[in-house]
Amino acid sequence: MARVGQAAELAASTDTRQRILAEAAALFRRHGYRGTSTRQIAEAVGVRQPTLFYHFPNKQAILEELLALSLDDSLAAADRAAHSPGSPAERLYRYVVGDLAALHRLPLVLSGVYANDVLLSPELSHWADKLDVLYQALRSLIDQGVKSGEFTAIDPALGQTMLAGVTLAHIEYAAQYDQGDPEQLARAGARFILGGLLRDPSQLAELEQLV
């Protein structure tokens with residue numbers, strides 16, 4: 001009985017933590033990170049502030065967990081894609097499909113997390129650094145594709161910026177619409193990106209068969 005009670009308590013605690021993240025993310029989108037208070041988050045969740053502080057010591061800790069959910073796996077995947085052997089086009093296509101599908105599957109609204117003024121804060125500089133490392137990996141991958149002849153002669157920085165724009169568009173889309181299969185939405189994004197980068201557009205059909 002004691003074990004059953006502990007399991008139920010743990011499940012309730014985990015559920016509260018997830019609800020805090022979800023409600024905070026939604027409030028960050030509506031009011032901005034700086035315009036949202038821990039009191040507002042607690043009220044949205046339906047708990048008192050001491051309960052919120054039991055799970056997160058402050059608002060920054062909530063934001064950092066949201067950033068970790070959004071960035072950590074994406075950064076690892078981009079690094080693998082940039083440093084693996086094989087076709088740059090195939091590696092980029094796999095990365096984009098996996099990254100966008102994961103974003104669409106998250107039960108969180110992340111569009112308020114990436115406001116420029118938030119990541120420019122000194123206390124969050126390590127997250128801005130992580131984002132830059134991710135962008136460097138993507139620039140490297142695009143540069144490999146240009147040099148191999150698979151991609152058109154584009155400045156890798158411009159290609160990466162365009163890719164980031166598509167990713168942010170998917171994050172915003174996910175915040176407004178809850179319909180659609182994550183895999184299909186991700187493939188639509190990958191088609192859009194690779195269709196603009198590939199020197200030979202017919203290669204896109206081959207990539208879609210491979211991944």
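Remember, predicted model here, so these are calculated numbers, not experimental data.
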Undergrad: Got more than 12 heavy atoms from elsewhere within 6.0 Å of CZ, Arg39?
TA: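 Open: at most 12 neighbouring heavy atoms sit under 6.0 Å from CZ of Arg39.
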Undergrad: Please check if Leu204 and Leu163 belong to a single hydrophobic cluster, counting links between Ile, Leu, Val, Met, Phe, Trp and Tyr side chain heavy atoms closer than 4.5 Å.
TA: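 Same cluster.
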Undergrad: Could you tell me whether the side chain of Leu69 reaches within less than 4.5 Å of the side chain of Leu21, counting heavy atoms only?
TA: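 A side-chain contact under 4.5 Å exists here.
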Undergrad: Out of curiosity, does Leu185 fall in the hydrophobic cluster containing Tyr177 (side-chain heavy atoms, cut-off under 4.5 Å, transitive links)?
TA: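 Yes, Tyr177 and Leu185 fall within the same hydrophobic cluster.
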Undergrad: Considering non-hydrogen atoms only, spot the tightest contact between Ala81 and Tyr95 and give its length.
TA: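 Looks like CB-CB, 4.2 Å.
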Undergrad: Taking atom CD as the centre, does Gln176 end up with more than 12 heavy-atom neighbours from other residues, nucleotides or ligands that are less than 6.0 angstrom away?
TA: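 Above 12, so yes.
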Undergrad: Give the minimum heavy-atom separation between Val146 and Thr152, together with the two atoms involved.
TA: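 What the structure gives for the nearest pair is CG2-O, 3.3 Å.
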Undergrad: Hey, is CZ on Phe192 packed in by over 12 heavy atoms from elsewhere, all under 6.0 Å?
TA: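 Open: at most 12 neighbouring heavy atoms sit under 6.0 Å from CZ of Phe192.
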Undergrad: What's the spacing between Ser87 OG and Leu210 CG if we round to 0.5 Å?
TA: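 Here the interatomic distance stands at 8.5 Å.
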Undergrad: Compare all side-chain heavy atoms of Arg187 with those of Tyr93 and state whether any distance is below 4.5 angstrom.
TA: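 Answer yes - side chains close enough.
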Undergrad: Under the side chain to side chain donor-acceptor pair (under 3.5 Å) rule, what do Arg199 and Ser148 come out as? Steps first, then yes or no, please.
TA: CA-CA 11 Å; Arg199 185 180 293 274; Ser148 72; over 6 Å; no
Undergrad: Would Val118 and Phe28 count as a side chain to side chain contact (heavy atoms under 4.5 Å, CB included) if you check the C-alpha gap in whole Å, the side-chain angles of each, and the deciding distance to 0.1 Å?
TA: CA-CA 10 Å; Val118 174; Phe28 292 163; over 6 Å; no
Undergrad: Any donor and acceptor pair, going by atom type alone, linking the side chain of Thr51 with main-chain N or O of Val47 inside 3.5 Å?
TA: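 Judged by distance alone, no pair lies under 3.5 Å.
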Undergrad: Is any side-chain heavy atom of Tyr54 closer than 4.5 Å to a side-chain heavy atom of Thr16?
TA: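 Sidechains of Thr16 and Tyr54: no contact.
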Undergrad: Salt bridge or not for Lys147 and Asp143, using N-O below 4.0 Å?
TA: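 Judged by the 4.0 Å cut-off on N to carboxylate O distance, Lys147 and Asp143 do form a salt bridge.
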Undergrad: So, do Lys130 and Leu67 sit near enough that their side-chain heavy atoms are less than 4.5 Å apart?
TA: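 The answer is no, as the side chains (C-beta and beyond) never meet within the 4.5 Å cut-off.
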Undergrad: Does any non-hydrogen side-chain atom of Ile41 lie less than 4.5 Å from one of Ile20?
TA: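 Touching, per the 4.5 Å side-chain cut-off.
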Undergrad: From Ile154 CD1 over to Met162 CE, what is the distance, rounded to the nearest 0.5 angstrom?
TA: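 Between atom CD1 of Ile154 and atom CE of Met162 there are 5.0 Å.
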Undergrad: Examine Tyr173 and Val166 and state if one hydrophobic cluster contains both, with Ile, Leu, Val, Met, Phe, Trp and Tyr joined whenever side-chain heavy atoms are less than 4.5 Å apart.
TA: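 Looking at the clustering, Val166 is in a separate group from Tyr173.
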Undergrad: Show the atom names and distances, to 0.1 Å, of all donor-acceptor pairs under 3.5 Å that link a side chain in residues 98-110 to residues at least two apart or in another chain.
TA:
residue, atom, partner, partner atom, Å
Asp99, OD1, Ser74, OG, 2.9
His104, NE2, His170, ND1, 2.8

Undergrad: If hydrophobic clusters are built by linking Ile, Leu, Val, Met, Phe, Trp and Tyr wherever their side-chain heavy atoms come under 4.5 Å apart, do Leu119 and Leu168 end up in the same one?
TA: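 In one cluster: yes.
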Undergrad: Can a side-chain donor-acceptor contact be found between Gln203 and Glu150 if the only test is distance below 3.5 angstrom?
TA: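 Yes, side-chain donor-acceptor contact under 3.5 Å.
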Undergrad: Measure across Leu27 and Ala44 and return the closest heavy-atom pair with its distance rounded to 0.1 Å.
TA: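 Scanning both residues, the minimum pair turns out to be CD1-CB, 4.2 Å.
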Undergrad: Measure the OG1-CD distance between Thr167 and Glu172 for me, rounded to the nearest 0.5 Å.
TA: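 One finds 13.5 Å between OG1 of Thr167 and CD of Glu172.
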Undergrad: Please determine, by modelled atom types, if Ser111 and Arg29 share a side-chain donor-acceptor pair under 3.5 angstrom.
TA: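 Judged by distance alone, the side chains do pair up.
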Undergrad: Provide the closest heavy-atom pair for Gly159 versus Ile142 in the form atom of the first, atom of the second, distance.
TA: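 Nearest heavy atoms, Gly159 then Ile142: C-CD1, 3.5 Å.
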Undergrad: Are the side chain of Arg91 and the backbone N or O of Gly86 linked by a donor-acceptor pair below 3.5 Å?
TA: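 Such a contact is found between Arg91 side chain and Gly86 backbone.
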Undergrad: To check you understand the geometry: which heavy-atom pair defines the closest contact between Phe151 and Leu194, and what is its length?
TA: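 So the minimum-distance heavy-atom pair works out to CE2-CD1, 3.9 Å.
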Undergrad: Should Thr36 and Arg30 be marked as a side chain to side chain contact (heavy atoms under 4.5 Å, CB included) after you check the CA-CA gap, both sets of side-chain angles, and the distance that decides it?
TA: CA-CA 9 Å; Thr36 300; Arg30 290 199 297 272; over 6 Å; no
Undergrad: Is any side-chain heavy atom of Leu124 closer than 4.5 Å to a side-chain heavy atom of Gln60?
TA: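 Side-chain contact under 4.5 Å: yes.
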Undergrad: Going through the checks in order, is the side chain to side chain contact (heavy atoms under 4.5 Å, CB included) test met by Thr161 and Tyr135?
TA: CA-CA 8 Å; Thr161 302; Tyr135 286 164; over 6 Å; no
Undergrad: Supply the atom-to-atom distance Glu64 CD to Glu123 CD, rounded to the nearest 0.5 angstrom.
TA: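 That separation rounds to 8.5 Å.
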Undergrad: Can Arg19 and Glu23 be counted as an ion pair, charged N to O under 4.0 angstrom?
TA: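 No, Arg19 and Glu23 are not salt-bridged.
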Undergrad: Please report the closest heavy-atom contact between Ala78 and Leu134, naming both atoms and the distance.
TA: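 Between these two residues, the closest heavy atoms are CB-CG, 4.2 Å.
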Undergrad: Flag this pair as yes if the NZ/CZ of Arg17 is under 6.0 angstrom from the six-membered ring centre of Phe56 and inside a 45 degree cone about the axis; otherwise no.
TA: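 Relative to the ring axis of Phe56, which defines the angle, Arg17 lies inside both limits.
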Undergrad: Tell me whether Gln209 contacts the main-chain N or O of Glu206 through its side chain, where contact means a donor paired with an acceptor under 3.5 Å.
TA: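 Not confirmed, Gln209 side chain does not pair with Glu206 backbone.
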Undergrad: Please test Gln144 against Leu92 for side chain to side chain contact (heavy atoms under 4.5 Å, CB included), starting from the C-alpha separation and ending with a verdict.
TA: CA-CA 10 Å; Gln144 293 170 46; Leu92 182 61; over 6 Å; no
Undergrad: Side-chain donor-acceptor pair under 3.5 Å between Glu65 and His55, yes or no?
TA: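 Absent: no donor and acceptor within the cut-off.
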Undergrad: Rounded to the nearest 0.5 Å, what separates atom NE2 in His126 from atom CG in Leu131?
TA: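 That separation rounds to 12.5 Å.
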